[in-house]
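See structure below.
The shown structure was predicted, so the numbers you read here are calculated from the model rather than taken from an experiment. Residue numbers start from 1 in every chain, and the chains themselves are labelled A, B, ... in the order their sequence lines are given, proteins ahead of strands. These numbers come from the heavy atoms of this one structure, side chains and all, not from hydrogens, waters or symmetry mates.
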Amino acid sequence: MSMLPEIIIILFAFLIIALDLIFLDKAKNYLVPVTVVGILAACAVLIFNNSDTLMLGGRFVSGAMHLWLKVTFLIATLLVVILVPESTSENLKNRLSSVGEFLTILLFTLAGMMYLVSCQDLVTLYVSLELATIPLMVLSSWNRDDQGGEGAIKYLVIGALASAFLLYGFGLIYALSGELSIPAIMPQLTEGSPALYLAAALITAGIGFKLTLFPFHMWAPDAYQGAPILVTAYLSGASKAAGLVVALQIFYRLFGHFIVDWAPFVAVLATLTMTLGNVVAVLQENLKRFMAFSAISQAGYIILGFLGNTGADISAMIFYMLVYVFTNLAVFTVLIVHVQQTGKETIQSLRGMSRLNPGLALILMIGLFGLAGIPPLAGFIGKFFLFNVAAKSGYYWLVVLAVLNSTVSLYYYLRLVRQMYIEVPAEGDKPLKIKPLTMLGLGFVTVGMLGLGLIPYFYEQIGRDAAQWLAF
Amino acid sequence: MHDMIAYAWLIPAFPFISFLLIGLGVRLYSQKLAGIIATLSIGASFACALTLAITYFGLAPDAEGLRPTLVPWSFIWVDYMEGLRVNLGILVDPISVLLMVVVTTVSLLVHLYSMGYMKGETGYGRYFTWLNLFTFSMLGLVVAPNIIQTYVFWELVGASSFLLIGYYYERGAAVAASKKAFIVTRFADLGFLLGIILLGYVGYPLYQGSGVEGQLFDYTYLTNPQNITALVGTGFLGISLLLIYMGAAGKSAMFPLHIWLPDAMEGPTPVSALIHAATMVVAGVYLVARLFPLFSTTPDVLEFVSYVGLFTCAFAAIIACTQDDIKRVLAFSTLSQLGYMMFALGLASMDQPLGYVASMFHLFTHAFFKALLFLGAGAIIHAVHSNDIWHMGGLKKLMPVTHLTFLIAVLAISGIWPFAGFFSKDEILLAALQGGKNIHFIGGLLVAGLTAFYMARIYFLSFWGSPRSKGSSHAHEAPLIMLIPLCVLAVLSLVGGWVPFSDYVTIGLTEHQGGHGSSIVPILGSLVAILGLGFSWFVYGRGESARSDAIAAKWGMVFGWIKNKFYMDEVYQFITHQMIFRFVATPIAWFDRNVVDGAVNLTGWLTRRASSIFTLIQTGQAQTYGVWFVVGTGVTLIMLWFTKG
Amino acid sequence: MNLYHFIIFSLFLFSVGIYGVLTRRSAVGILIAIELMLNAGAINLAVFNRYLAPDKVDGQIMALFVMAVAAAEVLVGMAILIMLFRRKKSVDIGQLDILRH
Amino acid sequence: MGLLSWLIFIPFFTALAVILTPQPKQIKWVALIGSGIHLLLTAYTAIKLWGVISQETFTADVFAKLYFTEQYDWFKSLGIQYMLGVDGMSMAMVILTSIIIFTGVLASWHVTERPKEFFALLLVLVTGVFGVFLSFDLFLFFMFYEVAVLPMYLLIGVWGTGPKEYSAMKLTLMLMVGSAFILVGLFALYHTSGQGTGVYSFNLNTLASFEYPKSMQAWVFPMIFIGFGILGALYPFHTWSPDGHASAPTAVSMLHAGVLMKLGGYGALRIAVYLLPDGAKEWALFFMGLTTINILYGSFGAIKQKDLKYFTAYSSVSHCGIVLFGVATLNFMGVKGAVLQMFSHGVMTGLFFALIGMVYGRTHTRMIPEMGGLAKVMPWLAVCFYVAGMASLGLPGFSGFIAESHVFIGGFFGNAWNSSVAMQVMTVLATMSIVVTAVYVLRGLGKVFLGPITDSHYLSLTDAGFTEKLTTGILIAVLFLVGVFPQFLIKLIEGSVLPILNRLR
């Protein structure tokens, strides 16, 4: 029964909603621990009895590769859940309301992402994608204020547009191949008919929305800024990972034959996304909007992997995604603690953090350097392998551009470091208080950032699994 | 006795050891002790030099009467390439032994003299440290077996002269003078270095083929005949020798590069005596002498050397007549005598080596009486506390010993019979005559007269007549320790001339030495000298200075030009400050700050500008995002279509 | 009524939906337009199943799922709209542009 | 942990120790002990290596002969290894860096503001530098190279003076742009040799065994050379160095000008010339011209500088130009001279910046016109300044002369592939820099130290303390020793330079 992890997550979702309804605010401080237990149980089941099985008549598959992706989602959600108590303590200004529903919706999106990984046919793919997207729209309006609402509406309008385009694309694919299960479609789509290109364009739009690629990323900054910072963390981490999974499924499993000659298009898309993300981030003042553009530029780096079509290229992308999720959550954890306790969201508000709580400042700095791709952090090694893929397929100009882009990204990450280390704290700033659970999360994430890169096991293992998954 | 040659390395070693000893340790504890140790070390190296000279000249000359050149001791210093190894060591041959003796003698006497002269100065220990460093580097230069070692110690000599000239570092003039000296000589050394590199570049292919033992830059290699013929074949020898001569001209203050020597008088007088009279300035002459076999193969370079020497000789003598500061007069007189030596060398050639011998002889004698003149002047300045000869006068009675020794030196330099100057100058004039170079002969004669004139001038103005300033009236005799060197030098100036020089220092064909050949040259020389002295007595000797002012007024304009050294200093000042600093250094500094740096800042500014433009895309309107979305899909469709091909 | 009529019809429906999303001022209008687009997709699936792969029923099943998803989509949209309407007393999407640049 | 891994990671462990020490006063002692131990270990390694090298003859081999190598697989699928090794050239650089960090710690004895972070970052910076000099796998090389660049931002940004944020940012970004070029060059090498031989590896010698096509070398060589040149202050990209040094605190500018700028020269030689001989032949003349401008431009620029640190920064731009000039000559003496110049200039600039730090600590101004006659008040510092000045203008008896004579003779002798007349003209122009250097050194130092005291309250200033005397003493001793007995260093370097030149033929 390799679908056990997903089932556990859904059961816990219902358990949480039940506890909340029955015990009302008495159970308030038990909800988070229960969720954590649920996720850990799913993780345990996933890791220990993982076997290559086919279920539901070929609609659900699980194997070594899927383990990595699902673990990424589980950890991303776990880290966000750990931070929920930070946002709900009494003395905060913008407290997170109705924690029960929040956690339930979060678990539903997690289940959606896990199904996304192991789906084998377009129906499950479409439904789980929507399951992973629509609840996030709800979460992004959780603050119930103007900004939250506006962000959510934009997210919804563009999201709906994207899902309609995706659906229309799938329809055309179905028309061309007469099949809905992915392994069956692949052999059918060989020669490039106009309908196929229209379908590809529409699907790319859908994926572009999810992965925030250039022309389709407009919603991201506003949605990230409107949402509570906890949801922004989840959006930029787990949701982007889900986007990558969909992209992998489609571009390698559906349009496998065409990926090679679409490389120039991918290169252009990557350049535009990277450059726009980086350049615009230079002048951003609001932390959430800043992280939105940083996430957009990271998406630009990730799709560099699509320039190649061997196992190593896919593993480079997945490895980088894993590293990105860890690093991003490290940065967001500190930002969440800062924003929740000080209520201020501008970069200037980080002034003098190195003097008030040096530990937090150090971890934030390490995280930012990881995002910028500075050794010895895993970010550098991930980026190195991604650029290696681009270089292997001969796009040297793109590698130069990518590295120049990461230099620009270093500039705006250093703007934060400058505020923390060089500026003197404004008077009246008190050091931030950190809950033990958050401390644990921070420790785990920092070890992840350093360990993932230096210890070769992770990359090698992902490489082997990816080769085996691609053949499948 | 033979082992003295083997221990020749002791001669430069003594000053070096005492330099380190005093410099790092002793001078901090007791200044006096530092002075004593310094003098003792020079004494020891003087003794070694003397015994070396005796043993070396004791050896029998070989068949054609030439003395052997030996390299008793050397160690590998730098290994540039397999064929290009540079050793540091000692080379013993006639002129190096001669120079060793001269340098150690004068240095010892100057050290003794300085113990009296510098008593009570704050930087007493520091002074002796730098003096020892100078002596060490001068000896290192003299004994250099290869041209790279000469260059190394050449620079060290320049540096130590920089330190000594700038001894009174609180006085702005001294600092400027030391800086000027170093930079001008450094400019000349640039030529020297380029000359060496060109010589190496030209010689290396020949050297590599020949499989000769010893290294390319060694003098033994450079001066033996069949290597020379090979080198001449390359055609570049002339240019490299010219460049090397540029280095020599810089150090020996030949015409265009002479401006630093008069200003170098800002240093203490014993320093001027040692460095700017006897030792450092002759380094250039020594270098040309050392490479003489090479120079002789390029007659046009020698011709150039002789004419530059002659011009400097005359030029300096004329200026010396008009200077008021006693040390400036002596400085220009040194310039003039160096001109003598240089043009004597220029006249010589391998088969008529009389000029070479005469130049070396004049170097030998000049070292003594010029040092004596400077030390004498030092004693006077020490007593009168002013350099200006118009503040002196009537010191004959007040400072009898200084007066006597100064008189001997004046007579020696003017070339009066029993004194050293007569013999060496006469030999130079003889060489000019025999070589058929009449211009040089006449020029030399005139300058001899001028020399006598300006020397007598400062003699009469300082010693005769009545004291013209408070300082000179209270003048008292210099202390004993300063007088001993004066007397020793006076004796040497007397005896120096009689040394049978030609059978010690020789080169090329020896039978043409002809000690005092035709007799007209000595007569003419003495006549001109006496004439000069008389005329100077006539103008300055008779006590009333009105006469000198009358002459000065009559040739006002010309006199003014000469007095200001033909405005050469101002020309150099203009070139360096106005031309180079204003039109090169400042524009570069500005260019770097604004243009190159500006370009970098521009990229930063552009990024921020692009950022502010791109942010405008996020209009905030959900529906514009939708338009971007749909248009984006369209563009994607088109691009995918084109990648189909 | 063969395949081409249906394809043209769903294409027409789809483009009307897009036009509606991009031009309607009121947010409710946009939600309706979204509904149109999603239904166009559902029609597509049903029609292709009927004409191109008659022996299987995957297409129609997917059409059913699509309807469920469309419903969820619009539901969430309406919820957020109501929350916004309560605060801003208007559903004009043009006014919602606090978050920009 | 082999010997070389210890050499790299001792500073890192010292940094950790520094972070853990409780009282601020002990911090600098822990740092000093750490760098002291490192200095001893470097000496031990140097002697051991010298023992091995002096027996070997290096005439014919074409691959860099490495000693005490450590090799473990890291990312096997991509051919990345943790490979360390040392040969003459890198040993010389390790000695230099070890000396500079030891004296750097001594020179920052009076850092009071957040000493813990200061020393920790300084030691992390040095770990990166050691890593670069000892690693022979290009991935590891590049990783340590970037580790060395990053602490620089914080060190200048937090502890610097003047427009510190601006210059820290400019410096970090320009060096990162440099690493962009290098990275692309590495990938080009990696993939061309991988497709060529089928063996994908970042190991320097395996990359060297592949004969790269001329067309590829034509664009990869300048890319890598300029990438490293940006760090080595190549002409148009040098503008970060004056600002960076002027704003950096003493120890940082010592380390930066003394060691980090040598990474540029070292990398250009070790990677660009070693792996791409044909590219080197093609571009040598161009870069020689550029570096000639570099030399003269730097020295002329220094004449009119008002700030003492800008003065030294321009002088080090000129001297680093000599390093790259030596590399561009592509003959035995020139390249050997380049490595010697790296060593000697490293020590010289370290001494210069240490002294400027000491003077600044006393007079609290770096403006040359404002100071005057300081020799009367601080004779030791004045003498050391003049020794550094004389060494920098190439006075024999100091290491400057040895290195410069090598480079200039090498430049004049030319090589078999470029027109020797052009090289000779450029060498003559470059040699003229010794005069210009003399001009600006004496002008600058004369104005600051000699002449009458301009400001009355300078009279109360004190001369060098014990730590300052120790710092300057060590550096001057090194300058003097290499100047008078250069054979040890020359023999050490020759072995590693020969393979690079054998590959050119």
Side-chain angles (χ1 to χ4, degrees), chain A residues 121-124 126-127 129-131 133-138 140-141 144-161 163-181 184 195 202 221-226 280 283-286 288-289, chain C residues 3 7 10-11 14 17-18 21-22 27 30-31 33-49 51-53 55-56 58-59 61-66 68-70 72-77 79-88 91 93 95-101:
Chain A
D121 70 338
L122 294 186
V123 179
T124 339
Y126 181 69
V127 169
L129 180 60
E130 291 313 313
L131 179 58
T133 315
I134 295 174
L136 285 180
M137 297 173 188
V138 174
S140 67
S141 68
R144 292 196 187 82
D145 57 5
D146 288 352
Q147 288 199 343
E150 185 187 321
I153 275 290
K154 285 179 190 164
Y155 189 6
L156 181 116
V157 165
I158 305 298
L161 206 64
S163 82
F165 274 47
L166 199 68
L167 185 65
Y168 207 89
F170 284 164
L172 288 173
I173 296 291
Y174 181 55
L176 285 169
S177 64
E179 290 295 337
L180 272 183
S181 96
L202 292 169
D222 302 354
Y224 281 34
Q225 193 174 2
V280 172
L283 287 183
Q284 290 309 325
E285 278 318 317
N286 176 298
K288 288 194 271 186
R289 198 172 184 84
Chain C
L3 181 60
I7 290 176
S10 77
L11 207 62
F14 191 72
I18 292 175
V21 166
L22 298 183
I30 290 171
L31 287 178
I34 289 167
E35 194 61 30
L36 273 181
M37 287 164 65
L38 289 168
N39 288 346
I43 291 166
N44 245 351
L45 283 168
V47 161
F48 290 141
N49 184 23
Y51 282 94
L52 295 175
D55 47 8
K56 288 207 288 306
D58 307 352
I61 294 167
M62 183 153 184
L64 281 176
F65 276 104
V66 161
V69 164
E73 191 100 30
V74 171
L75 189 70
V76 163
I80 296 168
L81 263 182
I82 291 161
M83 185 265 286
L84 269 175
F85 182 77
R86 216 180 283 123
R87 294 179 66 86
K88 295 181 80 91
V91 279
I93 199 114
Q95 286 168 0
L96 301 174
D97 58 359
I98 316 162
L99 301 171
R100 57 171 181 273
H101 307 315

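Taken to the nearest 0.5 Å, the CG atom of C/Leu84 stands 8.0 Å off from the CD atom of A/Glu150. Separating the CD1 atom in A/Ile153 from the CG atom in C/Leu99 is a distance of 12.5 Å, to the nearest 0.5 Å. Residue A/Leu156 holds its CG atom at 6.0 Å from CG of C/Leu31, rounded to the nearest 0.5 Å. For the atom pair CG of A/Leu167 and CE of C/Met37, the computed distance is 9.5 Å after rounding to the nearest 0.5 Å. Remark: C/Ile80 CD1 to A/Arg144 CZ distance equals 11.5 Å, nearest 0.5 Å. Rounding to the nearest 0.5 angstrom, the gap separating the CD1 atom in C/Ile18 from the CG atom in A/Leu161 is 6.5 Å.
Proximity to chain A involves both the backbone and the side chain of C/Val76, based on heavy atoms less than 4.5 angstrom apart. Only the backbone of C/Arg100 comes within contact range of chain A, with heavy atoms under 4.5 Å apart. Proximity to chain A (any heavy atom under 4.5 Å) is restricted, for C/Met83, to the side chain, taken from C-beta onward. In this structure, no portion of C/Leu64 lies under 4.5 Å from any heavy atom of chain A.
Ranked by non-hydrogen atom pairs under 4.5 Å with chain A, the options C/Ala53, C/Ala79, C/Gly59, C/Ala72 are led by C/Gly59. Of the listed residues (A/Leu122, A/Leu166, A/Asp145, A/Thr133), the greatest number of heavy-atom pairs within a distance under 4.5 Å of chain C belongs to A/Asp145. Ranked by heavy-atom pairs under 4.5 Å with chain A, the list C/Ile34, C/Leu38, C/Val47 is led by C/Leu38.
In terms of heavy-atom proximity, A/Val123 sits nearest to C/Phe65 at CG1-CD1, 3.5 Å. Shown here for A/Ser163 and C/Glu73, the closest heavy-atom pair between the two residues is OG-OE1, 3.9 Å.
Judged as a side-chain hydrogen bond (donor to acceptor under 3.5 Å, both in side chains), and not counting sequence neighbours, the contacts of A/Asp146 are C/Arg87. Scored by the side chain to side chain contact (heavy atoms under 4.5 Å, CB included) test, A/Asn286 finds A/Gln225, A/Lys288, A/Arg289, A/Glu345 as partners (sequence neighbours excluded).
Less than 6.0 angstrom separates the ring centroid of C/Phe14 from the ring centroid of A/Tyr168.
Only one option out of C/Asn44, C/Leu45, C/Leu52 pairs with A/Tyr174 in a side-chain contact (heavy atoms from CB on, under 4.5 Å); it is C/Leu45.
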### Query
Going through the checks in order, is the side-chain contact (heavy atoms from CB on, under 4.5 Å) test met by C/Ile93 and A/Val157?
CA-CA 10 Å; C/Ile93 199 114; A/Val157 165; 4.3 Å; yes
